[in-house]
There are 2 protein chains.
Amino acid sequence: MTSVLDIPEETMSLRVVGALRDEIVSMALKPGDVISESDIAARYGVSRQPVREAFIRLAQQGLLLIRPKRATVVKKISPEGVRQSRFIRESIEVEVVRRVAGNPGADAAAILDELIADQERASSAADSRRFHQLDELFHRTLARLAGVEYAWQLIDDHKMQLDRVRFMTLGVSSAQVAIGEHKIIAAKIANGDVAGAEAAMRAHLGRAEILLTQTINDFPDYFE
Amino acid sequence: MTSVLDIPEETMSLRVVGALRDEIVSMALKPGDVISESDIAARYGVSRQPVREAFIRLAQQGLLLIRPKRATVVKKISPEGVRQSRFIRESIEVEVVRRVAGNPGADAAAILDELIADQERASSAADSRRFHQLDELFHRTLARLAGVEYAWQLIDDHKMQLDRVRFMTLGVSSAQVAIGEHKIIAAKIANGDVAGAEAAMRAHLGRAEILLTQTINDFPDYFE
DNA sequence: TTCCTCAATCTTGTATGGTAGATGCCTGAC
DNA sequence: GTCAGGCATCTACCATACAAGATTGAGGAA
């Protein structure tokens, strides 16, 4: 049995944050679920205080909704919020590939090719967890190559909302498609084709658009 | 004498958040200043608990740095952070004007012209506070016209860092320049000139670039 | 049966005390 | 004079107790 104590963090509060975030993003705690400081405190064997502070952090990240004197609930997913998180992500990532394609470092192509090769290996091994990690790393690396890795943290914050949706659509295997799109993006960058890289990134990010309406139909209770 | 009690918020904790945020953004609390839960609690006449929770919120917003068991300090401004906040803002606002220029609503031009007229009145009256409010409203309105007002909240969060810098450069009167640039943006949008509107927005946002290095020279202690 | 009232019992918000870790000064040895 | 060690004192962290608003359901009146 893993305990919250196993998570190596500075403070109890941060451990609870990590544990709860995982539970929410992985949909173990479902949108609409009501939780209370006392419950979580008992579950993790700590007092209400660190749990309360964890709630505050998670509420600021948009995962919880604290209703004063009433209760705290796992926030339902806002379709509009998802849409705008995508907008934010697309805005930034488009600007990122522009910069990278316009001024690619000497080793950019090699780094990206290596990541794509890793992804193909993970895909062959059907290691979906690692595949997703590498997918995220691909985009993060682009941000790093553009010199704005900090901006990726911003996307990362908002990506949690998107991840919850993604978690509901597992089995919709699109690994091969994603790898192909990554290859196109990397190729355009290697050629210094700014407009082409931008278009490829828009196509890559836009693909998920269709899944949202489908997911809302399948799990209407999880959305606002 | 205004008290923290005057701020109309649900909880004490949120009132303290508002009060401290104002003090920090207005540079009444300066980067590097050391504060403690006890001090602030005594100053505002509340217990340490709500202050502590306020600290957590402000730390997540990047205004405070909590050093466990040591102290809490007003975070120094990171030039790199400012640079990337600008990158984020430019990424999103460029995408916004593209959308608006590509598909301007019937009344977009009239709304923007009205805002610009207000700004000219504020500028004539030398009401810099209102001018700044209107400047912000102009950009926020663009986001609303693009259907992504939510995304503006994101910019707003990161804008606090930029505002601290801006507060140090008061007196550098550039109101007329800003109004002129707003006029150009509005005109390009009215003409449906997507590329022109994008270029105008980039020029508008890029203008502040020079001020940062100057400000770092003037107030080196406030930067990392 | 329906609706109103009210109290038991939830919830989060606030106050306070104690704990552990980090800092810095102060003292004493060399 | 210099440096090392210890202790006073600061900090944020956590636990506990109390306060107050909100919900819910039972019970009585119409």
Side-chain angles (χ1 to χ4, degrees), chain A residues 3-21 23-24 29-76 221, chain B residues 3-21 23-24 29-76 221:
Chain A
S3 157
V4 69
L5 297 176
D6 297 336
I7 304 174
E9 284 287 350
E10 290 288 337
T11 69
M12 283 292 177
S13 179
L14 291 179
R15 295 185 199 187
V16 176
V17 168
L20 281 178
R21 178 164 20 81
E23 287 195 61
I24 294 171
L29 279 173
K30 304 188 188 313
D33 280 0
V34 175
I35 59 182
S36 80
E37 296 173 358
S38 309
D39 290 345
I40 306 299
R43 260 175 55 190
Y44 290 148
V46 297
S47 92
R48 263 185 56 212
Q49 204 53 48
V51 173
R52 175 176 177 72
E53 293 166 9
F55 278 20
I56 292 174
R57 287 188 161 91
L58 292 169
Q60 279 206 333
Q61 294 176 15
L63 293 181
L64 292 182
L65 177 63
I66 300 174
R67 299 189 301 172
K69 306 291 181 73
R70 256 168 300 243
T72 296
V73 301
V74 179
K75 205 167 181 181
K76 293 201 177 187
D221 290 345
Chain B
S3 157
V4 70
L5 297 175
D6 297 336
I7 303 174
E9 285 287 349
E10 291 287 339
T11 68
M12 283 293 176
S13 180
L14 291 178
R15 295 184 200 188
V16 175
V17 168
L20 281 178
R21 177 164 18 82
E23 287 195 62
I24 293 172
L29 279 173
K30 305 187 190 311
D33 280 1
V34 175
I35 60 182
S36 79
E37 296 174 359
S38 309
D39 290 346
I40 305 299
R43 259 175 55 191
Y44 289 148
V46 297
S47 89
R48 297 193 332 264
Q49 200 55 44
V51 173
R52 173 176 175 71
E53 293 169 7
F55 278 19
I56 291 175
R57 288 187 161 92
L58 292 168
Q60 277 209 332
Q61 294 176 16
L63 293 181
L64 292 182
L65 177 64
I66 300 175
R67 299 189 301 174
K69 307 292 180 70
R70 250 156 301 195
T72 296
V73 302
V74 179
K75 203 168 184 180
K76 294 201 177 188
D221 290 344

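Note on naming: letters A, B, ... go to the chains in the order of the sequence lines (proteins, then strands), and numbering restarts at 1 for each one. Values below: all heavy atoms of this structure, side chains included; hydrogens, waters and symmetry mates excluded.
- In this structure, NZ of B:Lys69 is placed 13 Å from P of C:dT19, rounded to the nearest angstrom.
- Annotation: side chain to side chain donor-acceptor pair (under 3.5 Å) contacts of A:Glu23 (sequence neighbours excluded): A:Arg43, A:Tyr44.
- Counting heavy atoms from C-beta on, the side chains of B:Glu53 and B:Met12 never come closer than 4.5 Å.
- Taking for each of A:Ser36 and B:Arg70 the nucleotide of DNA chain C with the nearest heavy atom, the 5'-most of the two is the partner of A:Ser36.
- Rounded to a whole Å, the CE atom of A:Met12 is 13 Å from the P atom of C:dA20.
- For the contact set between residues 48-62 of chain B and DNA chain C, defined by any heavy atom under 4.0 Å, the members are B:Arg48, B:Gln49, B:Pro50.
- A:Gln61 places a side-chain heavy atom less than 4.5 Å from the side chain of B:Gln60.
- Not counting sequence neighbours, B:Arg57 has no partner by the salt bridge (Lys or Arg N to Asp or Glu O under 4.0 Å) test.
- Residue A:Thr72 has a polar side-chain atom (N or O) positioned under 4.0 Å from OP1 or OP2 of C:dT12.
- Taking A:Asp33 as the reference, A:Leu29, A:Lys30, A:Val74 meet the side chain to side chain contact (heavy atoms under 4.5 Å, CB included) condition, with sequence neighbours excluded.
- Closest of all the heavy-atom pairs between A:Ala54 and A:Ser13 is N-OG, 3.7 Å.
- Protein chain B touches strand DNA chain D; the 5'-most and 3'-most nucleotides with an atom under 4.0 angstrom of its non-hydrogen atoms are D:dT11 to D:dA15.
- For the pair A:Ser47 and A:Arg67, both in contact range of DNA chain D, the more 5′-proximal nearest nucleotide belongs to A:Ser47.
- Checked against salt bridge (Lys or Arg N to Asp or Glu O under 4.0 Å), A:Glu37 has the following partners two or more places apart in sequence or in another chain: A:Arg48, A:Arg52.
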Scan the side chains in residues 62-72 of chain A for donor-acceptor partners under 3.5 Å anywhere in the protein, sequence neighbours excluded, and list what turns up.
none

